[in-house]
Amino acid sequence: MRFPLTSFITVLLLSVSAMALNVARTDTADKKPPHPKVCDPNAKGKDLEKRQYDAVADFADLFLFKQDVRAAFDKYVPGEYIQHNPFAEQGRDFAIEVLTGGVASGIVSTNLTFFVGNGYGLMHYKSVFMNTTYAIVDYFRFKGTCIVEHWDVLQEITGDEPNPIAFF
Ligand SMILES: *[C@@H]1O[C@H](CO)[C@@H](O)[C@H](O)[C@H]1NC(C)=O
Ligand SMILES: *[C@@H]1O[C@H](CO)[C@@H](O)[C@H](O)[C@H]1NC(C)=O
């Protein structure tokens, strides 16, 4: 099979532009002070669980309360993101796009509890989205202090539940 020269040049130009873009990005990134809480996939040691706890705390704050989805993902989901949500595509880009859209249309989250253990982190919280209230659990698998895998479970809250302490 012959590969047309024009396609080859297009691919080459795209690669060169991508390289230029990467260099430009690195230059910009270098000028910013390093953030102490950017995750480390190779983190080890006896304080790892404490650092994973801090990671979930900061991720939850950025995502649920500051509602800066990109900052949350750039710090704690920098690469691989195995996704088990039944309606999502794999990878962090899809999650960022959908969650940013959700935040833009108005979400209010409260009642967060979270914990970490055995290399996993879990958050349980209430979110009101499009006039519907949910109890949500997100749980994550860590590699070092980076989040690399995600599961979630949603329950709709109607307000008519017979249990007076339903959900929270
Ligand atoms: C849930 O959050 C609301 C609003 O912050 C608060 O008033 C309520 O007490 C919380 N409920 C529980 C069970 O913590
Ligand atoms: C939410 O409820 C308000 C007030 O009842 C209504 O005006 C609005 O259209 C509803 N929004 C959605 C997305 O259902």
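Both backbone and side-chain heavy atoms feed into the values below; hydrogens, waters and symmetry mates do not. Atoms within each ligand, like the ligands themselves, are counted from 1 in listed order. Since this is a predicted model, take the numbers as computed values, not measurements.
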- [ ] First locate atom OG of S109, then atom OH of Y125, and finally report the distance between them rounded to the nearest 0.5 Å.
- [x] 6.0 Å

TODO: Would you list the pairs meeting salt bridge (charged side-chain N to carboxylate O under 4.0 Å, His left out) in which at least one residue belongs to residues 150-168, sequence neighbours left out?
DONE: none

Task: Pairing of K143 and E149 as salt bridge, 4.0 angstrom limit - done: no

Task: R92/D74 ion pair, N-O < 4.0 Å - done: yes

- [ ] Would you check ligand 1 and list the protein residues that come within less than 4.0 Å of it by any heavy atom, ordered by chain and number?
- [x] N111, F168

Open item on the list: Run the ring-ring contact (aromatic ring centres under 6.0 Å, His included) test against Y120 and tell me which residues pass, sequence neighbours left out.
Closed with: none

Open item on the list: Among residues at least two apart in sequence or on other chains, which ones pass ring-ring contact (aromatic ring centres under 6.0 Å, His included) with H150?
Closed with: Y81, F140

